[in-house]
Each structure stands twice: as C-alpha cells, then as structure tokens.
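Structure first, then comments.
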Amino acid sequence: KMSPALLDQFRQSVMIRVFGNATQLTARLPQLPAPAVLHFEQYLYGGFDKQYPDHLPPNASFGTTAQFTNFLGQARQRGQLTMPYTNPTFWGVDPKGPTFLATNDAPLLVNLDGTYTFEQYFGNGGLAVSPWHPAVQAANRSTRNQFLTNYPVDILFQDQIGARTWQYDTNAAVPAPYAYAAGLAAIAGEDSLSIPVSTENGWDRLINHEAQFCGLAWGLAPTTNAPFWRRYLRERYAPSTWQVFPLAQYLAHDKLSMVYNDLSAAVHNHEVMAWTLGLGYGMTYVIDSADLDDVAERQWLLWVDRVQKSVVTRYLGQGLSAFSHQWGTNAVDPDNGVLAATYGPVSVVGNL
C-alpha cells in the first residue's frame with residue numbers, strides 16, 4: 001500500500017492533529033517530532049464541513065497557495081508526513097459550494113422513499129451523496145489529483161468512508177439499491193492505487209485498500225474530546241457478561257495501521273497509553289501550534305512519540321497471535337483490568 005521508504009517513516013510516526021494556519025504550522029515544524037504524521041483540516045476551502053466537495057484552493061484564513069505548498073514542502077524536507085482531511089461522502093449546504101451549485105441534487109443519495117439524507121455535524125448541515133454518481137466520482141478525483149500534483153501530500157484522509165452504515169441508495173446511477181457500501185469501497189480502492197489512504201473507523205471490505213483505520217475504540221479507551229454520544233461499553237453492558245475481543249485486530253492488524261479517531265482522540269495520559277499498547281494501536285495527539293511553547297505539553301508529546309518509535313514501530317503491521325482480557329477485581333473502585341497481547345515479535349501487558 002506504500003513504498004518501503006514511506007512505510008519506514010509511517011511506522012515511526014505518531015499521528016498529530018495540529019491546529020494553525022500555514023505560516024504558523026511552518027514555523028512550528030522544528031518543534032514537532034520527525035517523522036510524524038501531521039493531520040490538518042483548517043486549509044479547507046469553505047471551512048470544516050462546509051462547501052464540500054470543494055476542498056481546494058485553501059481558505060484565505062489558512063494561507064495562500066504558495067504558503068500552503070511551502071508548508072508541505074518544508075514538512076517533507078524534515079521527514080514529516082502530511083495527511084490532509086477530506087470527506088468525499090458529504091456535500092455541505094451551509095452554504096453550497098461551486099460544484100454542488102453546478103450539479104444541483106442529481107448526485108445525492110436517494111432513500112427508498114425518494115427522500116434525501118440530511119446530516120448535521122457541529123451545526124454544519126449537508127447531504128449524503130451517492131458514491132456511484134459520476135459527479136461525485138469526478139469531484140473526489142479532482143481533490144485526490146490536486147493533492148497528488150498541486151499540493152503534494154503523503155497520505156489522504158477520507159472521512160466517513162469507513163464509518164457510514166449500510167443503507168439503500170436508489171439514485172439512478174447506482175447499479176443496485178444495495179450497492180451503496182460497494183460504492184464507498186470502490187472509491188477507496190481507486191484512490192489507494194495512487195496514494196495511501198486513511199479513513200474513519202473501517203470495515204472488512206476496506207481492509208485491502210486502506211493504510212490506516214482511525215477509530216473503533218470510543219467505547220473502550222478513555223480518550224480526550226469524545227463525542228456527546230459516547231457511552232463506555234462497560235456502562236452499557238455488565239462487565240460480568242463480556243470481555244474485550246479484538247476481532248478487527250485479528251482480521252486486519254497485519255494489513256493496516258490502527259489509531260484512535262483522527263480529529264480529537266489523543267493519548268493524553270498513561271491510562272490511555274496502556275489501552276493503546278494493549279489494543280495494538282498507534283499513538284495519537286492533538287495540539288494547537290501555539291501550545292508547543294508549553295514545556296509540559298511538548299514534553300508529553302515527545303514521550304508519546306518516543307513510545308511510538310520504540311514500541312509501536314515494532315508491532316505496526318504485525319499479525320495478532322495471542323490476546324486476553326481480564327477484568328479488574330476492585331469492587332470499590334472498578335477498573336478495566338489487564339490486556340495481554342502478542343503482535344508479531346512484541347508482547348504487551350497493559351494495566352488499564
């Protein structure tokens with residue numbers, strides 16, 4: 001899925017969602033680990049979840065085209081990998097972008113009753129689109145090709161490709177009403193031939209295309225900035241009735257990287273780090289560029305990066321051969337117990 005040279009860098013890289021404009025990010029590159037995967041979304045043409053599928057040119061508040069390409073080039077020179085946020089599955093309406101205005105409603109996903117699927121995230125509204133419609137495919141190819149040529153990056157993040165549910169789509173461009181998920185997989189499959197791709201969550205038909213799944217763990221690990229709907233599995237189901245069983249890792253740990261949610265979940269303390277190592281995940285962090293001046297915060301980032309480079313790099317892409325989870329026995333202050341796992345040559349015990 002990626003060249004040996006890129007894979008070597010990727011294995012060593014903590015994924016950092018970093019905030020700032022192009023000038024600020026460029027100035028802070030020396031304070032960030034290298035290699036690392038730098039993930040960002042503030043470049044988006046209309047803003048986050050606005051005016052998709054038009055992702056480029058960069059928003060004026062982020063910087064000019066020259067400033068954006070300088071940031072990408074400077075990062076590459078330092079051995080830092082760049083992974084911009086994109087979303088090919090959702091077209092914004094607050095307001096509509098140029099592409100949506102030109103195509104009108106023809107590319108939208110059509111439910112069995114003829115309605116469209118309106119969605120809202122953090123107050124920004126939009127509509128689900130049909131991955132089979134030529135306008136949707138053309139818009140995604142335009143975004144992908146711009147990140148291959150105009151704004152060269154190392155990895156392309158495609159939100160919601162791996163997080164959307166199975167549903168019917170009766171858009172006239174769809175070969176069958178049950179082919180929606182196959183259309184999403186086809187987007188990932190095509191794009192993966194040109195550039196490594198990463199997505200939110202993930203499912204079986206994406207394993208052979210994606211280089212990285214970001215998520216699948218809100219209900220387990222106590223990561224930062226969780227969505228309002230998060231409920232831990234131990235709160236939904238009595239611990240006496242279940243244990244952690246890593247089906248996704250058995251299926252895919254030797255085929256792709258697994259990390260927490262790309263936008264918000266950080267390894268911010270040792271409890272989360274224990275979960276991360278036990279689950280065979282990669283390290284993640286979230287930081288504003290200005291906070292790199294905070295000594296304690298930057299030192300924690302460097303510690304997370306050290307664990308990535310010393311431990312995670314040895315098990316990333318390795319198969320899972322053994323796993324167990326035992327709940328804790330403290331009845332007064334119940335804990336999550338212990339994970340023990342073997343990923344390739346690395347054995348981990350995570351005291352949760």
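Residue indices begin at 1 and follow the sequence shown.
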> Tell me the ring pair (Phe, Tyr, Trp, His ring centres under 6.0 Å) pairs involving residues 330-352, sequence neighbours left out?
Replying inline: His253-Tyr343, Tyr315-Tyr343
> Excluding sequence neighbours, so at least two apart, what forms side chain to side chain contact (heavy atoms under 4.5 Å, CB included) with Gln299?
Replying inline: Val295, Leu302
> Can you list the residues that meet the side chain to side chain contact (heavy atoms under 4.5 Å, CB included) rule with Ser240, with sequence neighbours excluded?
Replying inline: Ala238
>> For residues 120-145, which residue pairs pass the ring pair (Phe, Tyr, Trp, His ring centres under 6.0 Å) check, not counting sequence neighbours?
In response: Phe90-Tyr121
> With sequence neighbours left out, which residue pairs that include part of residues 68-89 fulfil the salt bridge (charged side-chain N to carboxylate O under 4.0 Å, His left out) condition?
Replying inline: Arg76-Asp154
>> Going by the rule side chain to side chain donor-acceptor pair (under 3.5 Å), which residues pair with Trp303 if we only count those two or more places apart in sequence or in a different chain?
In response: His270
>> Classify the ring geometry of Phe71 against Phe40: parallel below 30°, tilted from 30° to 60°, perpendicular beyond 60°.
In response: perpendicular
> Do Trp91 and Phe100 have ring centroids that are under 6.0 Å from one another?
Replying inline: yes
> Between Met15 and Asp262, what is the shortest heavy-atom contact and its length?
Replying inline: CE-CA, 3.5 Å
>> Could you work out, with side chain to side chain donor-acceptor pair (under 3.5 Å) as the rule, every residue matching Thr342, not counting sequence neighbours?
In response: Ser347
>> Taking salt bridge (charged side-chain N to carboxylate O under 4.0 Å, His left out) as the cut-off, I'd like each qualifying pair that reaches into residues 220-235, sequence neighbours left out, listed once.
In response: none
> Do any pairs count as a ring pair (Phe, Tyr, Trp, His ring centres under 6.0 Å) and have a residue in residues 149-174, sequence neighbours left out, and if so which ones?
Replying inline: His39-Phe157, Phe68-Tyr151, Tyr85-Phe157, Trp166-Trp203
Donor-acceptor contacts under 3.5 Å from residues 169-189 side chains, at least two apart:
unit_1: Asp169; atom_1: OD1; unit_2: Val110; atom_2: N; d: 3.1
unit_1: Asp169; atom_1: OD1; unit_2: Asn171; atom_2: N; d: 3.0
unit_1: Asp169; atom_1: OD2; unit_2: Ser130; atom_2: OG; d: 2.7
unit_1: Thr170; atom_1: OG1; unit_2: Val110; atom_2: O; d: 3.1
unit_1: Thr170; atom_1: OG1; unit_2: Asn111; atom_2: O; d: 3.3
unit_1: Asn171; atom_1: OD1; unit_2: Ala173; atom_2: N; d: 2.9
unit_1: Asn171; atom_1: ND2; unit_2: Ala106; atom_2: O; d: 2.9
unit_1: Asn171; atom_1: ND2; unit_2: Leu108; atom_2: O; d: 2.8

Under 3.5 Å, which donor-acceptor pairs do the side chains of residues 318-325 form with other protein atoms, sequence neighbours left out?
unit_1: His325; atom_1: ND1; unit_2: Val244; atom_2: N; d: 3.0
unit_1: His325; atom_1: NE2; unit_2: Asn336; atom_2: O; d: 2.9

> If you group Ile, Leu, Val, Met, Phe, Trp and Tyr whenever their side-chain heavy atoms sit less than 4.5 Å apart, what else falls in with Val286?
Replying inline: Phe19
